[in-house]
Every structure is written in structure tokens, then in C-alpha cells.
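Working notes, beginning with the structure itself.
Just so you know, these numbers use all the heavy atoms, side chains as well, and skip hydrogens, waters and symmetry mates. As the structure is a computational prediction, the values presented were derived from the model and not from experiment.
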Amino acid sequence: NSGTGNSFPGYYAMAILVGDTLYFSADDGSNGIELWAHDTSNASTWQVADIHSGTGSSNPYTFPETLVGDTLYFGAKDGSSIYSELWAHDTSNGSTWEVDDIRNPGGNMAILVGDTLYFNGGSYSSPGVGVELWAHRPSTIGYNTNTGGNVTSWAINASLPSGLTFSTTNGSIY
């Protein structure tokens, strides 16, 4: 945040080093508090994602600092709710997505056991129910998409040789 303003780097306790890159929360004075990165090898700094687009703040916070493979998990607000929700950022391809609508995930507890993240959080579908134990297995993510979600459609940009058919329902060639 140039000038007299404060950028508050890491103010929301979001700060984790992945390889040579430090990921942290900060305010640039125009986009609110969002997820940023700084590459220590070349001193470049950039906004990773504008999760709460415009001037609103997503206030990314640690989940606490959970990195699974190349994917960083954290809580953030996209503006659709007053609560933070579970988000992920794949550091290898730069994609950022909402994992699930879980209120205030990992605020007091988050631990990786094997390939499963266990954390506390609230339910949108049962708002009267308090904070509960949740689990997320990152290995079940459909990594064939750039959002981390399931593949929902298939297409092909070329014609196939005679005798081969492409299925738009499951992406197979037969």
C-alpha cells in the first residue's frame, strides 16, 4: 500500500512459505485485504487472488497454515456471506477456488492426518447446529480442471480418425 496507508501484511495471520514464495494477506489500498505472494528469489510481489472482488476484503487467514502438496488451504470471505469459507490455492498453476461452504473453517483446529484434513467449522445447511468436526480429502479433488472441482463437460477441438468416437458425457475416446 504505497503512500501513507498500511498494507498490514500477515495481519490476519496468513503467512506461509512455499518454496521461494511467501503467501500472505495484505491490503494494497484499493482491493481490500486479499491473498498476496512475494517471490524471495527475484523480489517480485503480486496479488494472488481478488476473492472478494472490488474494494471488499476477503481477509484470508490461516487454516492454520495447511499446505497439501502444492495446494494451500485457508479461510476467506467472497462477499456472499458474513462468514469465512474454505478456500484453496494451487501454487503450481495459480488457480484459486472455494472448496466448500463451511462457516469459519479451521478457526481453532486444523490438522492433516495422512491424506485427510480435519478441521472445525459450522454448517450453512444447519445454522442452528454449532461448530462441528469436518474432513476434506484433497486426493479426491478432480485435478483435471483448473478450479479443483469436478469435471462437468468434455469437448474436443480436432476430428478423430475414422472409426473413433468421442464421448461428451465422460471424455472417453472409443
Side-chain angles (χ1 to χ4, degrees), residues 7 9-28 30-81 83-107 110-119 121 124 134-158 168-172:
S7 61
Y11 182 77
Y12 283 86
M14 178 70 178
I16 187 168
L17 186 64
V18 180
D20 289 337
T21 304
L22 174 64
Y23 291 87
F24 58 97
S25 61
D27 186 349
D28 68 353
S30 55
N31 293 313
I33 299 169
E34 295 294 341
L35 182 60
W36 286 76
H38 176 77
D39 187 330
T40 61
S41 68
N42 64 19
S44 61
T45 304
W46 66 96
Q47 184 176 343
V48 173
D50 188 8
I51 294 169
H52 187 174
S53 61
T55 59
S57 294
S58 69
N59 299 330
Y61 68 92
T62 59
F63 177 62
E65 288 141 349
T66 305
L67 182 68
V68 180
D70 292 329
T71 304
L72 173 62
Y73 290 88
F74 58 97
K77 299 176 185 180
D78 66 2
S80 65
S81 169
Y83 300 105
S84 292
E85 296 156 334
L86 181 59
W87 285 77
H89 174 73
D90 187 330
T91 62
S92 67
N93 65 23
S95 62
T96 304
W97 67 95
E98 183 179 342
V99 175
D100 206 341
D101 284 331
I102 298 170
R103 291 182 304 157
N104 300 327
I111 187 168
L112 179 65
V113 179
D115 65 350
T116 304
L117 287 170
Y118 292 94
F119 55 95
Y124 280 105
W134 292 81
H136 174 68
R137 182 170 291 138
S139 61
T140 62
I141 293 173
Y143 287 105
N144 295 318
T145 67
N146 66 350
T147 64
N150 292 327
V151 176
T152 58
S153 64
W154 290 263
I156 191 167
N157 289 334
T168 57
T169 59
N170 65 13
S172 65

**Q.** Test side-chain contact (heavy atoms from CB on, under 4.5 Å) applied to Thr55 - qualifying residues, sequence neighbours left out
**A.** none
**Q.** Sequence-distant partners of Asp50, side-chain hydrogen bond (donor to acceptor under 3.5 Å, both in side chains), two or more places apart
**A.** none
**Q.** Results of side-chain contact (heavy atoms from CB on, under 4.5 Å) for His38 - residues two or more places apart only
**A.** Phe24, Thr40, Ala43, Thr45
Q.
Check whether His52 reaches the backbone of Ser57 with its side chain - one donor and one acceptor, N or O, closer than 3.5 Å.
A. yes
**Q.** Rounded distance [0.5 Å steps], CH2 in Trp134 versus CG in Leu86
**A.** 10.0 Å
**Q.** CZ on Arg137 to OH on Tyr118, rounded to 0.5 Å
**A.** 6.5 Å
Q. Of all residues at least two apart in sequence or in a different chain, which pass the side-chain contact (heavy atoms from CB on, under 4.5 Å) check with Ala37?
A. Thr21, Tyr23, Trp46, Val48
**Q.** Beyond-backbone contact of Ile51 with Phe74, side-chain heavy atoms, under 4.5 angstrom
**A.** yes
Q) What residues, two or more places apart in sequence or in another chain, satisfy side-chain contact (heavy atoms from CB on, under 4.5 Å) together with Asp70? A) Asp90, Thr91, Ser92
Q. Measuring from Asp100:CG to His136:NE2, what's the distance to the nearest 0.5 Å?
A. 8.5 Å
Q. Would a 4.5 Å heavy-atom cut-off, applied to side chains only, mark Pro60 and Ile33 as touching?
A. yes
Q: Provide the closest heavy-atom pair for Gly75 versus Ser84 in the form atom of the first, atom of the second, distance.
A: C-CB, 4.4 Å
**Q.** Spacing of Trp87 atom CH2 and Glu98 atom CD [to the nearest 0.5 Å]
**A.** 5.0 Å
